[in-house]
Amino acid sequence: GAVVSQHPSWVICKSGTSVKIECRSLDFQATTMFWYRQFPKQSLMLMATSNEGSKATYEQGVEKDKFLINHASLTLSTLTVTSAHPEDSSFYICSARGGSQNTEAFFGQGTRLTVV
Amino acid sequence: ELKVEQNPLFLSMQEGKNYTIYCNYSTTSDRLYWYRQDPGKSLESLFVLLSNGAVKQEGRLMASLDTKARLSTLHITAAVHDLSATYFCAVDDRDSNYQLIWGAGTKLIIKP
């Protein structure tokens with residue numbers, strides 16, 4: 001399968017600071033990228049969908065001003081958690097899909113964010 | 001609204017035994033996926049099932065799809081400890097930009 005690289009794999013930050021997570025498709029052009037959040041012992045929760053060059057579409061209940069998503073190129077999307085609080089601590093996973101809508105999406109390695 | 005139900009949510013079994021995880025979905029979908037997740041890790045793709053009657057096998061895992069019943073199964077044969085993980089099924093939602101709709105996951109513990 002195609003390779004999606006997500007960095008960092010883990011990050012600890014202080015409350016009030018911002019953290020940027022990168023998601024790169026290494027061997028294909030990602031027309032669509034998805035950002036998920038996963039709480040302990042739960043399934044994945046879709047936060048937003050981004051198409052290259054367009055504004056991200058956020059799921060209901062996700063604050064777009066807090067979770068800034070940029071998909072400026074066909075190989076890179078970033079998620080910035082702004083003014084982080086301890087309740088933002090979670091596991092964040094990106095996935096990327098190339099080509100048409102009904103092609104398989106591939107997952108990054110995930111980022112464990114801890115806000116102290 | 002497309003919904004995915006997975007059961008059981010938790011399964012503890014002995015090595016050497018066989019068991020099946022079930023995944024039901026509520027409306028037509030083009031594609032069904034099975035993933036494995038180890039603690040603290042991201043998702044590992046196991047199977048992609050595209051058509052009715054599709055059956056795929058990898059080692060001790062076998063997945064099948066019945067699109068008429070809207071049911072997929074993940075069968076574990078002669079389980080070994082290394083298969084302990086959480087298993088998720090997911091389906092494409094053609095009405096929502098083909099985003100994935102996820103099952104709740106099955107935590108599988110295989111005891112020696």
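Throughout, a chain's letter reflects where its sequence line sits, starting with A, and its residues are numbered from 1.
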Look at the side-chain heavy atoms of Ile, Leu, Val, Met, Phe, Trp and Tyr, link any pair under 4.5 Å apart, and say whether [X] and [Y] land in one connected group.
X     : Y     : result
B:Y87 : A:L44 : no
A:V11 : A:I21 : yes
B:L11 : B:L83 : yes

**A:Q6 versus chain B, the contacting section by heavy-atom distance below 4.5 Å** = neither

**Fill in**
When the 4.5 angstrom heavy-atom criterion is applied to A:L46 and chain B, the contacting part is side chain

Around atom [atom1] of [X], are there more than 12 heavy atoms from other residues, nucleotides or ligands closer than 6.0 Å?
X     : atom1 : value
A:F28 : CZ    : yes
B:Y22 : OH    : no
B:K17 : NZ    : no
A:E87 : CD    : yes

**Request:** Give a yes or no on whether the backbone of B:Q99 and the side-chain of A:R97 come within a donor-acceptor separation of less than 3.5 Å.
**Result:** no

**Item:** Whether A:S43 side chain and B:G103 backbone form a donor-acceptor pair below 3.5 Å
**Value:** yes

Counterpart residues, side chain to side chain donor-acceptor pair (under 3.5 Å), relative to [X] (two or more places apart):
X     : answer
A:S5  : A:H7
A:S95 : none
B:S29 : none

**Asked** Going by heavy atoms in the side chains, are A:F34 and B:L100 under 4.5 Å from each other?
**Response** no

**Prompt:** So which of B:A90, B:A104, B:G105 has the biggest tally of heavy-atom pairs under 4.5 Å with chain A?
**Reply:** B:A104

**Request:** Identify which one of B:Y35, B:F88, B:Y33 satisfies the ring-ring contact (aromatic ring centres under 6.0 Å, His included) criterion when paired with A:F107.
**Result:** B:Y35

**Request:** Name, in order of residue number, those residues of residues 37-62 of chain B that have a heavy atom at a distance of less than 4.5 Å from a heavy atom in chain A; otherwise write 'none'.
**Result:** B:Q37, B:G40, B:K41, B:S42, B:L43, B:S45, B:V48

**Request:** Could you grab the distance from atom NZ of A:K41 to atom CZ of B:F10, nearest 0.5 Å is fine?
**Result:** 9.5 Å

